[in-house]
Amino acid sequence: MTQTDSQCEHITVHTVTQTSPCPILSCVEKAPKCAHVSLIPVADSDQSSCNQPSASGVLQDVHISPLLMEDFLELARENTEKDLETCGVLGAFLTHPSQSCFMSSIDLHTHFSYQAMVPEAFAIVMAPTDKSRSYGIFRLSDPGGMSVLKECEESGFHPHGEPADGSPIYEHCANVYTNTNLRFEIFDLR
């Protein structure tokens with residue numbers, strides 16, 4: 001093994017770009033030739049193993065970096081201190097600065113459009129002041145929650161009835177895994 005090979009084994013790329021306005025929409029960087037890319041199960045992931053197919057049997061497994069959530073909270077810190085929500089696009093990525101970790105009616109309606117287009121879409125709710133759970137990764141139950149939101153014509157904050165099939169309106173994602181082996185960049189388009 002050469003010195004270059006050993007240096008490439010432990011490459012970590014972790015970039016947060018915060019510009020206003022952002023001069024570019026995305027940037028793709030190729031991994032070095034000596035880099036080995038693999039999916040690694042993470043012991044503290046919300047799921048038991050990322051090598052098993054998703055519990056739904058239909059949805060594709062999605063892997064996210066746990067650092068993504070930490071960095072999003074850092075970008076949202078100024079708004080959080082003012083008790084303002086911050087939203088990002090990943091399906092839905094949002095904060096509840098002074099509330100618990102749940103999907104509000106507005107969150108549900110926002111997420112419905114993402115999940116209607118991409119069944120694997122999920123919402124990450126960050127609740128930095130919730131002592132019991134600082135984040136949750138959710139999706140609308142399907143078909144139950146999706147049907148309720150499809151038929152709902154209300155706006156603003158409002159209650160939703162239970163789905164006809166008795167399922168919850170939203171649920172924790174069984175197909176999303178945290179994976180520390182992932183590279184990512186955040187582009188702040190504010």
Side-chain angles (χ1 to χ4, degrees), residues 13-27 42 44-46 62-142 145-146 148-163 168-180 182-190:
V13 175
H14 184 231
T15 304
V16 176
T17 303
Q18 186 171 2
T19 59
S20 180
C22 181
I24 59 174
L25 293 178
S26 67
C27 175
V42 179
D44 63 351
S45 175
D46 289 339
V62 178
H63 295 255
I64 61 171
S65 171
L67 297 174
L68 179 66
M69 294 179 281
E70 292 174 25
D71 284 356
F72 186 77
L73 274 181
E74 180 58 31
L75 286 172
R77 185 171 36 91
E78 186 178 325
N79 284 350
T80 300
E81 290 169 355
K82 296 175 185 174
D83 199 22
L84 298 172
E85 280 195 19
T86 303
C87 297
V89 178
L90 181 75
F93 201 126
L94 52 112
T95 60
H96 284 185
S98 60
Q99 299 171 311
S100 61
C101 188
F102 71 103
M103 295 276 287
S104 71
S105 58
I106 292 179
D107 299 339
L108 294 171
H109 280 273
T110 300
H111 185 68
F112 171 77
S113 60
Y114 293 119
Q115 194 171 320
M117 292 184 290
V118 180
E120 286 80 11
F122 55 91
I124 300 177
V125 178
M126 306 295 299
T129 60
D130 186 338
K131 301 297 184 212
S132 64
R133 180 176 58 193
S134 62
Y135 76 93
I137 302 174
F138 306 112
R139 67 184 310 274
L140 295 169
S141 62
D142 193 6
M146 290 294 287
V148 169
L149 272 292
K150 183 179 182 179
E151 301 299 322
C152 183
E153 295 180 5
E154 293 186 53
S155 61
F157 289 100
H158 59 276
H160 289 101
E162 272 192 22
I169 198 161
Y170 68 92
E171 60 197 6
H172 289 276
C173 288
N175 66 311
V176 177
Y177 304 93
T178 55
N179 184 334
T180 58
L182 297 177
R183 298 163 45 145
F184 72 94
E185 291 186 48
I186 294 175
F187 292 92
D188 187 343
L189 299 176
R190 289 181 284 183

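No hydrogens, no waters, no symmetry mates; every other heavy atom, side chains included, goes into these values.
- For the pair F138 and H172, the minimum side-chain heavy-atom distance is below 4.5 Å.
- Y170 places a side-chain N or O within donor-acceptor distance of the main-chain N or O of M103, the cut-off being under 3.5 Å.
- T110 and D107 share no donor-acceptor pair across their side chains, judged by distance under 3.5 Å alone.
- Q99 CD: more than 12 foreign heavy atoms inside a 6.0 Å radius.
- To the nearest 0.5 Å, atoms CD1 (I64) and OG1 (T180) are separated by 12.0 Å.
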N/O donor to acceptor pairs below 3.5 angstrom from side-chain atoms of residues 148-158, sequence neighbours left out:
residue, atom, partner, partner atom, Å
H158, ND1, G156, O, 2.7
H158, NE2, H109, NE2, 3.2
H158, NE2, H160, NE2, 3.0

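- Residue G161 comes nearest to I169 through the heavy atom pair O-CD1, 4.2 Å, listed as atom of the first residue, atom of the second, then distance.
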Please tabulate, one pair per line, all N/O donor-acceptor pairs under 3.5 Å involving side-chain atoms of residues 116-132, not counting sequence neighbours.
residue, atom, partner, partner atom, Å
E120, OE2, Q60, N, 2.9
T129, OG1, P97, O, 3.1
D130, OD1, S132, N, 2.9
D130, OD1, S132, OG, 2.7
D130, OD1, R133, N, 3.3
D130, OD2, C101, N, 2.9

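- For E85 against N79, the heavy-atom pair with the smallest separation is O-ND2, 4.0 Å.
- Residues P163 and P168 share a closest heavy-atom pair of CG-O, 3.9 Å.
- Here the straight-line distance linking atom CG of D83 with atom OG of S98 works out to 3.5 Å at 0.5 Å rounding.
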task: Just do the side-chain contact (heavy atoms from CB on, under 4.5 Å) check on L68 and L182 with the steps written out, would you?
output: CA-CA 10 Å; L68 179 66; L182 297 177; over 6 Å; no
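- Shown here for R139 and H111, the closest heavy-atom pair between the two residues is CA-NE2, 4.0 Å.
- Between L75 and T86, the closest side-chain pair of non-hydrogen atoms is not below 4.5 Å.
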